Structures are given as structure tokens and as C-alpha cells.
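First up is the structure itself, then whatever we jot down about it.
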Amino acid sequence: MTSAPTNAASSQSNASGGGEDILVVTDLQKHFPIRRGLLQRKVGAVQAVDGMSFTVRKGETLSLVGESGCGKTTTGRMLTRLLEPTGGTILFEGRDITHISMGKMRPLRRDVQMIFQDPYGSLNPRHTVGTIVGAPFRLQNVKTEHSTKKTVQELLELVGLSPEHYNRYPHEFSGGQRQRIGIARALALKPKLIVADEPVSALDVSIQAQVINLLEDLQDELGLTYVTIAHDLSVVRHMSDRVAVMYLGKMVEIADRTPLYERPMHPYTVALMSAVPIPDTGRRTKRDRIRLEGDVPSPINPPSACRFHTRCWKAKEICSTIEPPLAELAPGHRVACHFPENLIDLPVPAVRADSPAAP
Amino acid sequence: MTTSPTLEGGDPAVRPGIGGFLQVKDLRVHFPTDDGVVKSVDGLSFNLELGETLGIVGESGSGKSVTSLSIMGLHPPGTAKISGQVLLKGDNLIGASREHIRKLRGKNMAMIFQDPLSAMHPYYTVGHQIIEAYRVHNNVSKQVARKHAIDMLGRVGIPQPGSRVDEYPHQFSGGMRQRAMIAMALSCDPELLIADEPTTALDVTVQAQILDLIRDLQQEFNSAVIIITHDLGVVAELADNILVMYAGRAAEYATAHEIFTAPQHPYTWGLLGSMPRLDRERAERLRPIPGTPPSLINVPTGCPFHPRCVYAELNGGACETDRPEFLEISPRHFLACHLSSQDRQRVWENDIKPML
Amino acid sequence: MITYIIRRLIAAVGLLVVVSIITFSIFFVVPRIAGGTPETLATRYVGRAATAETVHLTAQKLGFYDPMTVQYANWAKGIVMGENYDYGAGVERCPAPCLGYSFITRQPVWPDLLDRAPVTASLAVGASILWLVAGVATGVLSALRRGTIFDRAAMGLALAGVSLPIFFTGLVSLAFFSYTLGWTAPGGQFVPLTENPAQWAYSMILPWITLAFLFSAQYARLTRAGMLETMHEDYIRTARAKGLRERNVVIQHGLRAALTPILTIFGLDVGLLLGGAVLTEKTFSLNGLGKYAVDGIVSQDMPKIMGVTLLAAFFIVIANLVVDLLYAVVDPRVRTQ
Ligand SMILES: Nc1ncnc2c1ncn2[C@@H]1O[C@H](COP(=O)(O)OP(=O)(O)OP(=O)(O)O)[C@@H](O)[C@H]1O
Ligand SMILES: Nc1ncnc2c1ncn2[C@@H]1O[C@H](COP(=O)(O)OP(=O)(O)O)[C@@H](O)[C@H]1O
Ligand code: SF4
Ligand code: SF4
Ligand SMILES: [Mg+2]
Ligand SMILES: [Mg+2]
């Protein structure tokens, strides 16, 4: 893993070489105004996302993890431009799409697709599967090679459904099947980048594994790039090449999967991993846990400087006065903390000390 | 803590004399609907001692919630056809008068639910709701009940309970709401606490806090706890014994330790194999259970798992036709599967164990 | 909470202004747009027989030659502060709220309205209490006994109540209870509450029941639907899990939540009725605001119609305000943002 030269457009370095950047995000920001009082004056803002910088390489899976409300979905929706950022820039294949107009959005809609969390709410119950999966063709006026119907049926087969499902309605399907329908719809226009917001959270474990495998197969087959949003750290480890950890609208750590899970440096990441319940009774007593106190503070009045300092067990005076920069503490491993963990080469007890280095 | 599920109908596993604080015997809960009868729970048996934590795991729709609601007598009358026995200290709750069960609810057995926001009334303060729970069963003044409510809130780790007692649920965060629900459930010091997916709606760091809290309180109150979840990690944190349910039936019951180190049921293997695990090296590919969970209206004949089971053909057709009995295969380890013990051992040692 | 109340109050005042502008436009601007001149408007005040000279003078005195904005300002000022009408032969004081003089009777409208209002208010208040109690009780029982004979019968009756016109039910009940059985007073005999409460109730009972029948049908259906929904909420299950008595579960937890939307509709319905229950008043020959308005329409007596319109609009705005404030009382989520 070598550190590549900094991308001209971003202030950050691009970790391990290899694939070119399909997405370069710099200082991305989304503040939702809060209006109050008699005149509905703007009295503040929900700082849903506040200065995220990262790149996504072609063909990789980058995951965003963090607790509820930390801004994962908001980030995802900005990447697909379902939301307009209030600050920062997004470059997709070198093109600035940060404030791109509705009219110019069309080609973007073909290249960038989103899969949603809720396999029940995201499909129109009054439309057949054929209509739902075929909708992108109609919306974009795309002529398909054969008939739309044939193409849709091929898509259904690709995601492991049967072509006979064409005329059925969403309510006739199980959660896992519905998520497959959502995936087929996202794949219809052969996108380059897919933003998947909690694609498997609503599914049962056994079905979840089916969908994860499907997403991986499709990535290999079609050369897709994924930005996945998830809160389940085990799923994230399985699916991602790189992982970005978010806390209250900020990125606190980003690294390749293996170093992140084996040597998490940000105290929040360490706590997050320590909180994951492990299906092994033997761990009950052995694991030295780190328990965070309280809940995530409100993004309306986030704590000063390091936003994690109200819950951090390592916090010192400086943490509430000077914001720690997102610094590259190891090749490709960037952390925003004044007192990072695992800085020197120590085995990490948080998850698994004895796990061998990744291939 | 000697507990074991017992069986109905002259089964050899029924050993007279084995009591138990809570005994569920051949519980069946069927819902007549327009499409047919939904057999949500179909012949479920287990025992639970005071001081014990039982984890019930299974996929969504496997009948976990229906089971817990039946124990609490919370199915609205006329909706469900319930048979079998639920014995709480020998007192059969199935068929008991509604007033009798009402008096037990909250006092002897209490329940916490998945979504603490919707489970609390939006129009009443948190304190009011706890006070109400306490005063139904205790003839005390409002002031005394209020002091008790503040006390309970403090015990479940709510900061400044004296002022937060007068706040409304929407003013609490998700984790605090679940703490308040727990305070409400424990306000009458029940002997049985049922937690139905108590942390599913919470963040992982908050989940860890709540699991710690339940564990600590269980030790403090020495109550019997049933924790229902689809997350094997959560039961591993808490449960002494684990019951794996599939299609409204018990598939496997054993100590938590055995379920994770020597599971015997193909469905349990499937569950363990399909989840990505942080405590293992990352597998290149997950191994999902093929197919989808069964319809509970047309439950597959024989073993309900057979359409998804890769070992079904080892049993010469029995899996498709005969319902496997839930038998004690080794002390306190119960199993409903036709596989012979040799086959099971072989498959477990050769195919499954190396993969987990 | 304070800002909430102030916001609602300001909104209510704003709404009143808007309503007054609309009313003013209907009665003064639209006729001009439709081709009327200041003189044609003035004719209505002095009668067709008047000379062109008189008409012209009247139009001048009434300010019909002024720009519309000035006219509106004067008119609004009259309502708020009263007005002095100069008829040449002397100045007549029309005290606030000045809603003008009837073309026909030459009497100021406001005292007339004050006269009629008790009748309408008696009708609205009595009927609304009746229908709220009957409708909500029926709805709750229907929801709890869903699918039983009681439920079906109640909902069948409710359907009839919603679809039968008031003059039909009114006349039938008049014929039966009053003329045939002689149990209730015949129409048209209003006794003020202050005079004799018993007679007051006796005179109003039939209109109340008739009007309440119509409304309770609607309320029963609404309550039933609301209760069916809330009784499936998670917090109801929690209430039962606590071991609360079923009666408390239904009333304190179920009904409390189900009543909130009904409260809104109730407030608006009462507000609407306070402005006149045209059909009921007609059917029972009650001299209320509704009947007054109808008389105004029949005789093309604009100030009468305008007066009732304004008063009705006022009641609706006030009802709206009361409902909004009640909402904050009932739902803590509104109160505490
Ligand atoms: N339209 C909006 N108006 C105001 N605030 C918003 C809006 N959308 C999101 N937010 C706020 O922005 C923050 C981030 O929300 P977001 O949905 O991105 O979180 P998330 O990380 O996806 O959480 P989850 O894991 O619960 O899905 C939250 O505090 C949320 O309440
Ligand atoms: N009131 C009801 N009427 C009909 N079917 C029901 C009812 N309640 C639950 N079920 C069905 O019973 C099955 C088991 O449900 P449940 O116990 O809630 O599952 P879980 O294991 O996810 O908690 C499901 O198929 C569900 O649809
Ligand atoms: S900067 Fe300070 S408060 Fe923030 S994570 Fe690091 S040690 Fe904790
Ligand atoms: S009984 Fe047969 S189908 Fe069922 S789990 Fe055992 S082997 Fe599989
Ligand atoms: Mg989200
Ligand atoms: Mg459930």
C-alpha cells in the first residue's frame, strides 16, 4: 500500500494506488436550516454533514459507517445529487456535479444510482415489477436492445429473480426479493456508481447473506463501484475495500478495511467495534469492553472542536478547544484525533488480536 | 439451574418432578385469516428458572413475538386460537380468566418492546407512565409512586431523574426511552421479564449499554429473563440457554455455550454460517441459507426446514413426511432433526466447524 | 409555547382581515366589476323611486365615489369603531360594530344579529354536546365490538344519519314527536335560556336531536375509525402489558389519542354552526342567524347577508384558534416543539 500523490481537486491524499478515482469529494457539507419563532427566521442549522473529504476509486467498495443520525444517508443522497450540498464539491469522473442543474442531471442519473434501505417503502405497491424495473428506461427515454420487457426480464434473472415475476406486484414478494427488485431497478441503466443505503439492514441474516453475495457478484461481473452505507460493522467488514467512520456529520477515520479493523486508531472506532456483540459466549468475560456513556449529541449544537469529546474516555482539554485534523497517521489511514489509539505497532485487543494480517 | 424443555404427550423426555418457574408446554397459537390459518406457533415447549436468561432466536416471522405475547396474555381476545399450557409457578395462564392474567401482568411478568418511541404514549410524561404501572398493582399515593418512579429512572441510569421524570417520551433519546421502558417494566419488581428485540432499534453503542443494563438488573433482581432477538451476538452476550425457533417450532435448545460451540441443527448451522463475524477472519464469501422462510399458512410437511436443508436427502424421505420430534439428544440439549447422530457429528466436524 | 400562542393569534387576526377583504370585495367590488356604478349601488339604499339627485347624494355620502381602498378602510373602520351616517336631515350614529342598515327594514343589522344569535347559539351548543357524547360513545363501542351486531347496527344507522337530509328527519320527527305524540314543542317557539331553562330545553330538544343525529353519525364513524387505529398502536399494548384495567386502557390511552383529530373537526363544526344552521332553523322555524341570512337573500337585502357572512366567518376563525390552542394543551409534542 503506497501513498499516491494528492489529487489536484482534493486537499486529501489518495491512499493505495491502483484504480482511478471515480468520485472525489472535498469538504462536503449539508446544513438543514431550522426555522423558528414568529417570522420563521433561520435560527440555526442541523449540521447533518459538515466537511467530508474522500475519494472513491473505480471498482472498489467504500463503506460509510456510524451511528444513527451521523449523516450517512445525507452524504449518500448528496453523492447521487438527490440533495444539493450547501458546501464543498463533488467531482464525478472529473466533472463537478455539486450544483449541477436538473436538466444536466439526466446523464448523471444513468451513471449514478441509489439502492434504498427500506425494501417495502421504496417500491410503488401499485406498479408491477416490470413497470418498476423498466421505469428508468422510460424516464430516460433509453432505447433498449430488444424490447424493454426482454431487457427487464434479463435484469430480473441477473438479480436472481425469475422472468415470470414480470407481471407481479411488490407485495407478493419477501423482503429479500424486494431488495432484489430494487437492485434490478438500480442496475437497469448500467450505472457506474451505486450508492447503497443500508441495502441489507431490513433483511434477516440468512437473506442478508444472499443479497450481499449478489451485490458482490454483480460488482465483479459489471465492474461496479459501490458506496455502501451501513451501521453493522460485521457486514461492513465483509463488503468493503475501504471504510470511512462518521461521527456527527464528520469523518473521524478512513482506512483500508484490514488496517481499520485490526488497528482502529480513532477512539470512537475502537468503541464502536468493542460494542459489537460477538456470537461467542467465550468472549463474554474475556473481551475488555469500552462502553461509551450517553447518546450521540444533537447535530444542531454539536460539541466544539472534536465532536466526540463529550463521550470520549481519552478526552483532554485540547479536545474541546482545537479540532483535530484528519491526518494520515499510517499510509492510507487518516484519523482525526489528538490522542489516537494503536499508534505504535501494538496488537489490538478490541476485536481480535490473533487474526493474521490480511492477504 | 437445571432447566429443560419438556414435551407433551408421553414423550420420554418428560421427566416428572422437574418443575420450573415458567413452563411452556406444547404451545400453539393459530390465527384464522382470510387466506387460511396462520400457524404462528405450533407446538412449542420450554422451561425457565428464576435467575435464568433464555434467549429465543429465529428469523422474522418465526413466532418469537407471538410466543411472548401469548405468555403475557396480550393477544386480543378473538384473534388467536391458543392451546397448550403456560405455567407460571404452576398456574396455567392459558384459559385463565382475563382479570386473573391482568393482575399478573406488570406485577409478576413484564415486557419491554422493540421500538421504545411507539411503545410509550406520546401524550403522557415518562413519569406518569411509570407511576401508572406502579399504582395499578400497589395501593400507594401519587407522591410515593412518583418517588418510586424517580428512583427507578435513576436505577436504569437516567441522569437527573428528578427533572426528567416530568418530560415526555419525545424529549428522550432512543437509548433513554428504552431505559425508561425498562424502568417501567421493572417498577413492580416482576419475576419474569420478557424483552422482545429490546435493542433492535438502537445504535450499537447504545445497544451495548442496554444489554449491560439488562444483565446487571437481572442479577440484582434475580428475575427470569426471556430475551428475544434475531441477532445471535445479542443472545451470546446475555443468555444462559438458547432456543432456536423456525417456522413456529423449536429447532434446537441448548446452553448458549453449546449452541455456539457444538450446534446440532442444520438451521442453526445455517444461521451461524450466513452471518459475517467480526471475531473471525473475513471469509471471501458468505454462505447463505438457500431459499426463503416458509409461509406459515402452508407450512412444509415433515420438517418445515426441509425445502432449504441441504442434508434432507440423507434421511431417506423422512424429512419431507415426518415431523421430527424435539428430543433430548444429550443432557439439556434438545433437537428436532431426523439426522442420525453419526451423520450430524460427521457433517459438523467435516463441513461446518471448519467454516465457522 | 408563548410564541406558538402569539403566532396563532396573529394568524387568526390575519385571517380575519383576509376574510373581511373577501367579504367586502363580494359585496362592494364585484358589483362594480360586474358593471354596477356608484349610483346603482346607492339605489339599493334609497329605493328605485328616488330621484337621480337623491341617489347621487346618497352615493356621495356613503363614499361610493372614493377609491376602493379608501372605501374598504372606512368600511372596516366602521365595523371596528362605529360610524356616523349623515343623511342630510341629521347625523345618525351607528355604533360599533357597524354592519350597516337593512335596505328593507332600515334597521341597523348588528342589533338584529344580536337578537338572533342566542337562538343559533342554543341550537349549536346543545346539539354539539349531544352529538359529541352520542357520536363518540357509539364510535368507541363500535370499535371495541367491531364486527358484532351492535357495530353493524350502529354503523348502518350512522350511514342513514349521514345520508338523510335534515329537513326530512326534521319534518318526520316534528310530525311524529310533536304533532302526533305531543311530547315536544312544535316548531318556532324559542324560549331564551335566561327566561326559563326548562322551557328553553323543551323548545330546543327536537332541533337538537335532529341536528345531533346528523352529526353524531359522522362522529361515530370518525371515532370508530380513529379508535380502531389507535387500539393497534404499540403504546396500547404497553398499557395492557402494565396490567391496566381494560377500561383505563381504552379511555385513558386509546380514546385520549383518538380524540385529538376529532377535536379539530368538532371545533370547526361548532364554529360553522354558530354562524347559522340554515336548514335546521328553516325546518323548525327558528329565528336564528341562518334564517336571517336566508331572509336577506330572498329579499336581496345585502347588509343582512353581509352581516351574517362576517359573523359566521368570525366564528370560524375563532373556532380555528381555539382548536389550535387546544391542540397544544392536548398534545405535548406541539407544546414542547
Ligand atoms: N430534511 C432534513 N431536515 C432537517 N434535518 C435533517 C433532514 N434530513 C436529515 N436531517 C438530519 O441530519 C442528520 C443526519 O441524517 P441522516 O439521515 O444522514 O443520518 P444517517 O446517518 O443516515 O442515520 P440512520 O443510520 O439513522 O439512517 C440527522 O440529525 C437528521 O435528523
Ligand atoms: N394477529 C395476527 N394475525 C395473523 N397473523 C399473525 C398475527 N400476529 C402475528 N402473525 C403471524 O405470525 C407469525 C409470527 O409472528 P411473530 O411472532 O411476530 O414473528 P417474530 O418471530 O418475527 O417475532 C408471522 O407470520 C406473523 O405474520
Ligand atoms: S480528539 Fe480527543 S476527544 Fe476527540 S477522539 Fe481524540 S482523544 Fe477523544
Ligand atoms: S429434519 Fe431433515 S430437513 Fe429438517 S433439519 Fe433435519 S435434516 Fe434438515
Ligand atoms: Mg440513514
Ligand atoms: Mg417480532
Side-chain angles (χ1 to χ4, degrees), chain A residues 66-70 173-177 202-214 216-217 231-239 257-258 261 268 271-284 287 289-298 311 350-352 355-356 358, chain B residues 58-62 157 159 172-176 199 201-209 211-212 215 230-240 242 255-261 267 270-293 308:
Chain A
E67 289 177 278
S68 180
C70 70
F173 293 89
S174 69
Q177 287 173 315
L203 306 176
D204 271 315
V205 251
S206 72
I207 308 302
Q208 178 175 307
Q210 295 175 2
V211 173
I212 292 174
N213 282 351
L214 171 69
E216 285 179 345
D217 293 346
H231 64 267
D232 183 333
L233 286 158
S234 337
V235 168
V236 166
R237 186 179 75 149
H238 184 85
M239 293 180 75
R257 176 222 311 147
T258 313
Y261 278 84
Y268 177 62
L272 213 51
M273 288 188 185
S274 146
V276 175
I278 301 295
D280 182 347
T281 47
R283 302 240 157 204
R284 250 200 285 220
R287 268 206 305 163
R289 305 148 190 279
I290 293 155
R291 286 291 184 258
L292 295 183
E293 305 254 308
D295 300 280
V296 186
S298 146
R311 299 172 80 198
V351 177
R352 185 170 144 82
S355 75
Chain B
E59 293 179 87
S60 75
S62 57
F172 275 37
S173 70
M176 289 201 329
T199 58
L202 305 176
D203 274 319
V204 56
T205 59
V206 180
Q207 162 170 294
Q209 296 166 4
L211 294 181
D212 285 351
R215 187 188 305 113
H230 62 268
D231 186 338
L232 284 166
V234 169
V235 281
E237 293 266 333
L238 288 184
D240 302 310
I242 292 177
T255 61
H257 184 69
E258 258 186 48
I259 289 286
F260 291 109
T261 54
Y267 177 64
L271 278 184
L272 285 166
S274 57
M275 56 192 291
R277 291 175 65 159
L278 269 194
D279 59 333
R280 298 280 190 272
E281 207 175 316
R282 178 177 173 273
E284 261 323 299
R285 243 181 123 63
L286 296 175
R287 296 174 309 118
I289 303 174
T292 49
R308 304 174 75 189

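Just so it is clear, the structure is predicted and the values come from calculations on it, not from any experiment.
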**Request:** Under the side chain to side chain contact (heavy atoms under 4.5 Å, CB included) rule, what do B/H230 and A/V205 come out as? Steps first, then yes or no, please.
**Result:** CA-CA 8 Å; B/H230 62 268; A/V205 251; 5.7 Å; no
**Request:** Name the option with the most non-hydrogen atom pairs under 4.5 Å to chain A; the candidates are B/L202, B/D212, B/I259.
**Result:** B/D212
**Request:** For chain A, find which of B/G273, B/G291, B/P293 contributes the most heavy-atom pairs closer than 4.5 angstrom.
**Result:** B/G291
**Prompt:** Donor-acceptor pair, A/Q210 side chain versus B/I289 backbone, under 3.5 Å?
**Reply:** yes
**Prompt:** Can you say whether A/E216 sits under 4.5 Å from chain B via the side chain, the backbone, both, or neither, judging by heavy atoms?
**Reply:** side chain
**Complete:** If one checks every heavy atom of A/L292 against chain B at 4.5 Å, the contacting part turns out to be both
**Asked** With sequence neighbours excluded, what pairs up with B/T199 under the side chain to side chain donor-acceptor pair (under 3.5 Å) test?
**Response** B/Q207
**Complete:** Looking only at heavy atoms, the pair that brings A/H238 and B/P276 closest together is CB-CB, 3.9 Å
**Prompt:** chain A heavy atoms under 4.5 Å from B/P159: which part of the residue, side chain, backbone, both or neither?
**Reply:** neither
**Asked** Is a side-chain donor or acceptor of A/N213 paired with a backbone partner of B/L286 at a separation under 3.5 angstrom?
**Response** yes
**Complete:** Residues A/S206 and B/P288: closest non-hydrogen pair is O-CB, 3.5 Å
**Fill in**
So OG1 of B/T292 and CG of A/D204: to nearest 0.5 Å the spacing works out to 11.0 Å
**Message:** Heavy-atom cut-off 4.5 Å, strictly under: side chain, backbone, both or neither for B/L232 against chain A?
**Reply:** both
**Asked** Distance-only, no hydrogens or angles: does the A/R237 side chain make a donor-acceptor pair with backbone N or O of B/R277 under 3.5 Å?
**Response** yes
**Asked** Just by modelled atom types, is the B/S274 backbone N or O under 3.5 Å from a matching donor or acceptor in the A/Q208 side chain?
**Response** no
**Message:** Quick check for you: to the nearest 0.5 Å, what is the distance between A/D217 atom CG and B/R285 atom CZ?
**Reply:** 4.0 Å
**Prompt:** Hey, what do you get for CG (B/D279) to CG (A/D280), rounding to the nearest 0.5 Å?
**Reply:** 6.0 Å
